[in-house]
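Read the structure below first, then the notes.
We use all heavy atoms of the structure for the numbers below, so side chains are in, but hydrogens, waters and symmetry mates are not. Protein chains get the first letters and strands the later ones, always in sequence-line order, with residue 1 at the start of each.
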Amino acid sequence: MSDPVIRINKMNKWFGNFHVLRDIDLNVAAGEKTVICGPSGSGKSTLIRCINRLEAHQEGEIEVEGVTLDGSLKNLEEIRSNVGMVFQQFNLFPHMTVLENCTLSPIWVQQKSQAEAETLARELLERVRIPDQADKYPGQLSGGQQQRVAIARALCMNPRIMLFDEPTSALDPEMIKEVLDVMVELANEGMTMLCVTHEMGFARQVADRVIFMDEGEIVEENAPEAFFSNPENERTQLFLSQVLTH
Amino acid sequence: MSSWTPTAPRPAPSNTVGFVAWARANLFATKLDTALTLLAFTLVVYVVEAIFGWAIIDASFTGDDRTACLKEVQGACWPFIEAKFGQFIYGRYPDAERWRVDLVFLSGLIGLIPMLMPNVGFKRANMIYLLGFYPIFAFIMLNGGMLGLATVDTTDWGGLLVTLVVAITGIVASLPLGILLALGRRSDLPIVRALCIGFIEIFRGVPLITVLFMASVMLPLFLPDGINFDKLVRCLIGVALFSSAYMAEVVRGGLQAIPKGQYEAAAALGLGYWKTTHLIILPQALKLVIPGIVNTFIGLFKDTTLVLIVGLFDLLGIVQLHFTDASWATPETHITGYVFAGAVFWLFCFAMSRYSIFMENHLSTDRTSS
């Protein structure tokens, strides 16, 4: 395996007195697809939100592509420009058109010209299969379309790592597939992906590794086949029996 | 396997649409509804007839002094307004120089009207004209003392001129100041936050009259000899600071309503604090609080009448001043003057209100609009 692009070492985090992440050790290699699952409240979202410092950790180290994530604003900017993020609630900017949502970061952060940014945005909207929605507002799109815009918006920064925080949890069943298809395609193109999700089919199909978390700890991690067919930990078995049989 | 074809839409039954159906459903649905409708209708007729009679039928329209308004049944005394109209608009601004005020009004409208129309271009140039060039131009024209213009002391300004100068300065200054105060109040920096909270709570906690008194009477006592601000300028500053405290709380209401996810998405895209604020948060927050902002503007516009307390004569002040003119002393002079002043204030406030509704609709990005 090549050198890790994300290194997390003995990381701890508290919300007030609540110890939400406990001694997390995690290395992610370039191009690796990692799926994180676990019951709600297990800290999986908080973990990936720590990687671009939407949440600040209190102990231990996080390093993204060799840059240490500490209080330094310069390091933070560098990391955020290399890490794209997709949220459960899409978080599109409702006062901007789809195209404006996508060109925002290229223009204002990466100082690209308007024309250059628009070309890029249209290319990526094509890639997520909604090129004809570019001039609509997010409120005029379906949930699945909105989430695909959110993916295109993140990709417009040309990131090397993508974080997905339950990207399909807020979607109707008919829309989940269109978002997952885009994610599978992205995975096949070699993007480094960390994905918090309960879509076990997706995990089986693209993940290199599945991580199971509970109570702020990584309980078990394994390749998907071994993880699903032969979970080692009792807690993992219980979780899987509930997720897979419902 | 059977296939499913959706049912085609049919028009609504005819007895549920149209005026008759509407009236039947909303006005005459029950006996009680019918009685209430008739009662309300009678009341409306009675009130409209009374107003119409006073303002038109029994009113005087021509005349040069009080004798025109002393009929047995006397309505409004409009000649009073006509005779004093110049005073009501310009105050004691010298007759020969009033074209300067007209020019300032006109050049303001020329900039303002296209600015208010969203589809007209050149917004940036217009902004520079309105906020950069226009205030300086207006100051030079109104105050004079240069370019060969005679100086007109601000104590001679009055009427609608003073009302508009105070209100527009207050409106233009209070929005940006209020935004900065609101951002400061939500800041993570403790000193900035404390200063903003202190400012807002002090100015919001005292009556405007107190602020104006302080600005006009107390302030000169603290300033060293020889330094003396114009009374109007002191009032302008007082009104601007006062209304910015109110504006700050209105804007803060909008800021609170923006979901945390918007900040997070902006952060994840690499935008810093100022870019996030300017590109993501403020456009949404301000749109949400347009009714509150316009509410504050309207309140401010009407509060300008309080400058009377420090000896400046705004529209209402100057109307009241002319009640003392013996040559127009009639029983109807007061009410006519107040109705006129009220109508002028109402016109401006109603215009602002309608414009705010227009902007709300224009800025809406819901599914229903496109």
Step by step, would you call A/K136 with A/Q133 a side-chain hydrogen bond (donor to acceptor under 3.5 Å, both in side chains)? CA-CA 6 Å; A/K136 287 197 180 163; A/Q133 311 286 357; 3.2 Å; yes

Heavy-atom cut-off 4.5 Å, strictly under: side chain, backbone, both or neither for [X] against chain B?
X: A/L76; value: neither
X: A/R153; value: both
X: A/F93; value: both
X: A/V86; value: neither

Between A/T97 and A/D135, is a side-chain hydrogen bond (donor to acceptor under 3.5 Å, both in side chains) present by the stated rule, with each step listed? CA-CA 6 Å; A/T97 63; A/D135 297 317; 5.2 Å; no

Regarding A/N12 and A/H57, do their side chains bring together a donor and an acceptor under 3.5 Å, going by distance alone?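 Per modelled atom types, A/N12 and A/H57 side chains form no pair under 3.5 Å.
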
For a quick check under 3.5 Å, do A/N91 and B/E264 share a side-chain donor-acceptor pair by atom type?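 Looking only at side-chain atoms, B/E264 and A/N91 do not form any donor-acceptor pair under 3.5 Å.
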
Under-4.0 Å salt bridge between A/E61 and A/R7: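 Salt bridge between A/E61 and A/R7, a charged N being under 4.0 Å from a carboxylate O: no.
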
Relative to chain A, which of B/I280, B/L271, B/L363 shows the most heavy atom pairs under 4.5 Å?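 The option with the most such pairs is B/I280.
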
